[in-house]
Amino acid sequence: MRAAKDIAIIIWAYLGEVILASLAYGSVIKLWDYNKLTEFIITTSDGLSSKFTVIMFAGSIAFFWSFYSHSNTDFAKWLYKKKAFSVYLKAFLYAIIIFLSATLALVVTQATHSTLAAAISGWLVVLAIINMATFVWNIVELIKLNIVFNIKLDQEKR
């Protein structure tokens, strides 16, 4: 069972993205007229969904599937023993949910031309941009852990 401290750190990591997205989006709304911002989002929602969120959604699913499909490897078993496998699995699933949510919100915005949908879409796109950085960071950290694992495995073989 995870320690309360570990769970708190994980929750804070997810909550931190939401807070950062809210602060960034709030700043954009303060600097840009709300009506012009929502009109811009309505106008660009088709392009944003087809060129960013759908691509990130597909990429996150592909990476999630790749990560899961290698769950029977020694590296994955090592991650599981270190209690890191489920953390990465949930992080990649979280990315899928964020990119899917942003995509669906942009589709609704395009279909309805609603300013409320546009405002929500704008916030979700900002969250998706932040999460894209986290997603890439998580991949890099996983690669680094794989290198550590391979070095330890190589040392054990000697």
Side-chain angles (χ1 to χ4, degrees), residues 1-28 41 44-112 117-158:
M1 192 116 247
R2 285 195 189 276
K5 180 182 173 185
D6 293 340
I7 293 170
I9 290 170
I10 293 167
I11 290 171
W12 175 247
Y14 292 118
L15 192 58
E17 286 188 357
V18 171
I19 292 168
L20 181 58
S22 298
L23 291 172
Y25 194 58
S27 298
V28 169
I41 294 168
T44 61
S45 60
D46 189 41
L48 281 170
S49 66
S50 66
K51 293 179 178 68
F52 173 62
T53 60
V54 168
I55 292 168
M56 289 306 300
F57 174 59
S60 62
I61 287 175
F63 193 84
F64 181 82
W65 182 253
S66 175
F67 183 67
Y68 170 74
S69 69
H70 290 92
S71 62
N72 63 344
T73 65
D74 290 337
F75 173 61
K77 291 172 187 172
W78 180 75
L79 282 175
Y80 191 77
K81 285 180 192 173
K82 299 285 184 185
K83 299 182 179 178
F85 187 85
S86 64
V87 172
Y88 279 102
L89 193 67
K90 288 173 186 171
F92 297 136
L93 183 59
Y94 176 74
I96 290 170
I97 292 167
I98 296 300
F99 298 132
L100 175 61
S101 299
T103 300
L104 293 176
L106 288 167
V107 168
V108 168
T109 298
Q110 183 63 29
T112 65
I120 292 168
S121 293
W123 181 79
L124 283 168
V125 167
V126 171
L127 181 60
I129 290 167
I130 292 166
N131 188 259
M132 179 181 66
T134 304
F135 180 71
V136 171
W137 179 261
N138 284 335
I139 292 170
V140 168
E141 290 301 309
L142 195 58
I143 290 167
K144 287 164 58 176
L145 281 174
N146 195 359
I147 292 167
V148 169
F149 172 77
N150 287 330
I151 290 169
K152 286 184 178 197
L153 187 64
D154 189 47
Q155 289 173 348
E156 288 174 5
K157 288 180 180 178
R158 289 181 189 176

Tyr14 vs Lys90 side-chain heavy atoms within contact, under 4.5 Å: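 Of all side-chain heavy-atom pairs linking Lys90 with Tyr14, at least one is under 4.5 Å.
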Minimum heavy-atom distance [X]-[Y], with the two atoms named:
X      : Y      : value
Ala117 : Thr109 : O-OG1, 3.0 Å
Ile41  : Gly122 : CD1-CA, 3.6 Å
Ala128 : Ile98  : CA-CG2, 3.7 Å
Ala21  : Trp123 : C-NE1, 3.6 Å
Val126 : Ala24  : CG1-CB, 4.0 Å
Ala102 : Thr53  : CB-CG2, 3.6 Å

Look at the side chain of [X] and the backbone N and O of [Y], then say whether any donor-acceptor pair between them is shorter than 3.5 Å.
X      : Y      : result
Tyr25  : Ala119 : yes
Tyr88  : Ile139 : no
Thr44  : Gly47  : no
Asp154 : Asn150 : no
Ser71  : Tyr68  : yes
Ser27  : Leu23  : yes

Residue pair Phe149, Asp74: steps toward the side chain to side chain contact (heavy atoms under 4.5 Å, CB included) verdict: CA-CA 9 Å; Phe149 172 77; Asp74 290 337; 3.7 Å; yes
Phe135 and Phe99 aromatic ring geometry - parallel, tilted or perpendicular at 30°/60° bounds: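 Taking Phe135 first and then Phe99, their aromatic rings stand perpendicular (interplane angle over 60°).
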Mutual orientation of the aromatic rings belonging to Phe67 and Phe85 [parallel < 30°, tilted 30-60°, perpendicular > 60°]: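 Geometry flag for Phe85 against Phe67: parallel rings.
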Residue of the set Ile129, Leu106, Thr103 for which side chain to side chain contact (heavy atoms under 4.5 Å, CB included) holds with Phe52: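 Going through the options one by one, the only one that passes is Ile129.
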Given Ile61, Val87, Leu142, the one that forms side chain to side chain contact (heavy atoms under 4.5 Å, CB included) with Phe92: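 For Phe92, the side chain to side chain contact (heavy atoms under 4.5 Å, CB included) test succeeds with only one of Ile61, Val87, Leu142, which is Leu142.
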Stepwise side chain to side chain contact (heavy atoms under 4.5 Å, CB included) check, Thr73 with Trp78: CA-CA 9 Å; Thr73 65; Trp78 180 75; over 6 Å; no
If you measure from [atom1] on [X] to [atom2] on [Y], what distance do you get to the nearest 0.5 Å?
X      : Y      : atom1 : atom2 : value
Ile120 : Leu124 : CD1   : CG    : 7.5 Å
Ser49  : Ile55  : OG    : CD1   : 10.0 Å
Leu145 : Lys82  : CG    : NZ    : 10.0 Å

Salt bridge (Lys or Arg N to Asp or Glu O under 4.0 Å) against Lys81, all qualifying residues, sequence neighbours excluded: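 Counting only residues at least two positions away or on another chain, Lys81 forms no salt bridge (Lys or Arg N to Asp or Glu O under 4.0 Å).
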Between Asp46 and Gln110: side-chain donor-acceptor atoms closer than 3.5 Å: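 The answer is no; no qualifying pair exists.
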